[in-house]
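Working notes for the structure below.
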Amino acid sequence: MWRCLISLLIAVGVLLLLPGCSQKKQAAPTTPDASPDHSSALFEDVTSRAGIHFIHNNGAQGSFRFAEFSSAGCSFLDYDNDGWLDILLIQSGSSKPAAAVTDRPHCALYHNNHDGTFTDVTAGSGLDRDLGYAQGVAVGDIDNDGYDDLFITSYGRNYLFQNEAGTGKYKDITAEWGLDKPHSTGYATSAAFGDYDNDGKLDLYICYYAPWTQSDDKPCFNEKKLQDYCSPELFPPDTHQLFHNEGSHFSDVSEKSGISKVQGRGLAVAFLDYDGDGKQDIYVANDITPNMLWHNNGDGTFTEAARKAGCAYSEEGALMAGMGIASADYNHSGRESLFVTNFSGMPNTLFTNRGNGLFQNDSAVSGLALPHMKFLAFGCGFIDYDADGWPDLFVNNGSVYVHAETRLDGAEYKERKQIFHNEGNGQFKEIIEDSLLGDMAVPMVGRGLAVGDYDNDGRQDVLCSNQNGPPQLFHNQNRNKNHWISFNTIGTKSNRDGLHARFEITSGGIVQTAVTRSGYSYLSASDRRVYFGLGQSAKIEKLKIRWPSGTEETFQNVQPDRFYLATEGKGIAIAPSKGK
């Protein structure tokens, strides 16, 4: 019954999404209502109160330039290593050809004041300049100096910024590190850092969408003769890029690694070891092209394995409009599963990792398929918002069609967020009560999403970027008595960030696993600290850490409700923090 119903809905969605687009002039920016009663809501939008004053601009002025649909990303990061998460918001501005733009707004860097507020420190940071039609961000310590650097994707060209020792200043080293050469027309979207050969240096994967230029745009109309953005199927897919970190520069290994052998309209990327062989594979969500699962062969080459593994298509074997990626051991299997956001009329997809290199599509049986159908989802993240030990899901929604209601009944251009509670039995339940949704119910044109505990209160928060409106910093208001534990990582033999370190904890007889990463979701980077909710369990009986280098460490009787710093080969200690 589930499959029949989903097949019918997908068929209707596909018919409505055929080329011939539509759109009215975009509405003015939406500012969330500051007056609702927040007493019972799961999350509260504290953006304005936190001192974040930023409005994203995608440049839309009725010309319907195709690239306008995809921006913008966001990030949690600790750029000065003070133990408190800062915020980076990506700006786009005019979508006209770069030569015609003279007043582009800048991206924004906000420093965490340790009291729930932030200060705009963009001026003088090196980010206060024209970065082109920026899309997304990846965060990682490329030179192993202990400070996270930034890679910003932008239409036409990308930018690599070196963190100058946590001073709040960044140096443009794009050319110096060999990332200034254009690829195709330069329509880059998501990017992620990961150490695919375990040499202790972070490599870089960049998604590209299509070889589109402004001159390629055509007027597209829907069945009601209203102009809108064109269907992506009017533009061919592009190849992607993989860069190997040589220590002082990146080498383009796209061709010799096999990455450039396959094309896809790439929108999201995440590193993960899906088959548990100790080597990082790469999963890519593509729009109306098969998703990619690059299996790491261990010799610098990759084999595309998504079809064989069962995560390339929908349950019905149809192409998906893959937008965002989240990964977690949501069912305590010891293996990371994949969640991929999708277009309206198509189900969001849960690929459960069943072991032996195979995934099973559990979208329908998990309860994640049907609640999504009228929404168009982008950023996403697993977040154990109630610290019960079972990762839940947060999804940022927003259509790409201004006249979304003409394409699918019940669809809207601006859409609310969705949160799904993990019931602990393979099922997710959408939270739909207005009293619990609170500010999440405010319709926005959602895109990026990052997860992190910005106020260090032991409950994970969410940052969402929205097109032509303010971002939303959602503070987690859960005040139950559940316990938790969180780990930051420092690699010594492994990469300095400790990305890909695998944690396994046993608490109250339950075994949970999680992996250190920052790049996933959509155009965004999250807090790389590993977080575990523990429910009522007040002790971790056993902790195991497996580092990318192969080093393994085991600890007994670790106390919860603390932030720890795990240093490869040197054990764990309560994480230091500066200030409050």
How far apart are the C-alpha atoms of N466 and Q472, what are their side-chain angles, what is the distance that settles it, and do they pass the side chain to side chain donor-acceptor pair (under 3.5 Å) test? CA-CA 8 Å; N466 304 296; Q472 291 167 287; 3.0 Å; yes
Is a donor on one side and an acceptor on the other found under 3.5 Å between the side chain of [X] and the backbone of [Y]?
X    : Y    : result
S524 : S75  : no
S521 : G379 : no
T567 : I490 : no
N245 : I142 : yes
N353 : R335 : no
D275 : D281 : no
N144 : G200 : yes

Could you go through N163 and Y79, starting from their C-alpha distance and side-chain angles, then the distance that decides it, and tell me whether this counts as side chain to side chain donor-acceptor pair (under 3.5 Å)? CA-CA 7 Å; N163 187 330; Y79 73 79; over 6 Å; no
Check the angle between the aromatic planes of F151 and F193 and answer parallel, tilted or perpendicular using the 30° and 60° thresholds.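 Judged by the thresholds at 30° and 60°, the geometry between F151 and F193 is perpendicular.
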Could you tell me if the ring centre of [X] sits under 6.0 Å from that of [Y]?
X    : Y    : result
F235 : F66  : yes
H114 : W84  : yes
Y196 : F271 : no

Does the side chain to side chain donor-acceptor pair (under 3.5 Å) test come out yes or no for N58 and N468, once each step is laid out? CA-CA 6 Å; N58 78 343; N468 299 317; 3.0 Å; yes
When you check the side-chain N and O atoms of [X] and [Y], is any donor under 3.5 Å from an acceptor?
X    : Y    : answer
Q280 : D195 : no
D287 : Y209 : yes
H244 : D252 : no
H183 : Y208 : no
W547 : E553 : yes
Q135 : Y155 : no
D329 : T513 : yes
Y133 : S95  : no
R447 : N397 : no
H500 : D273 : no
N198 : S494 : no

Rounded to the nearest 0.5 Å, how far does [atom2] of [Y] lie from [atom1] of [X]?
X    : Y    : atom1 : atom2 : result
C464 : Y522 : SG    : OH    : 13.5 Å
D217 : S63  : CG    : OG    : 8.5 Å
F487 : F563 : CZ    : CZ    : 11.5 Å

Find out whether [X] and [Y] are in side-chain contact, i.e. whether some heavy atom of one side chain is under 4.5 Å from a heavy atom of the other.
X    : Y    : answer
Y110 : L89  : yes
D148 : L77  : no
D172 : R129 : yes
S125 : K169 : no
T153 : T189 : no
F54  : P471 : yes
H111 : F118 : no
Y520 : L272 : no

Identify whether NZ of Lys or CZ of Arg in R529 sits under 6.0 Å from the centre of the six-membered ring of Y531 and within 45° of that ring's axis.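 Because its charged atom misses either the 6.0 Å distance or the 45° angle limit, R529 does not stack over Y531.
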Test: D145 and R496 ion pair at under 4.0 Å: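 Salt bridge: no.
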Do R502 and E504 sit within salt-bridge range, that is, some charged N less than 4.0 Å from a carboxylate O?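 Yes.
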Steps toward side chain to side chain donor-acceptor pair (under 3.5 Å) verdict (T516, D497): CA-CA 9 Å; T516 305; D497 281 345; over 6 Å; no
Distance SG-SG for C230, C220 less than 2.5 Å: yes
If every non-hydrogen atom of A566 is compared with every non-hydrogen atom of I572, which pair is closest and at what distance? CB-CG2, 3.8 Å
Using side chain to side chain donor-acceptor pair (under 3.5 Å) as the criterion, point out the one residue from S154, S71, S70 that pairs with S92.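 When S154, S71, S70 are each tested with S92, the side chain to side chain donor-acceptor pair (under 3.5 Å) holds only for S71.
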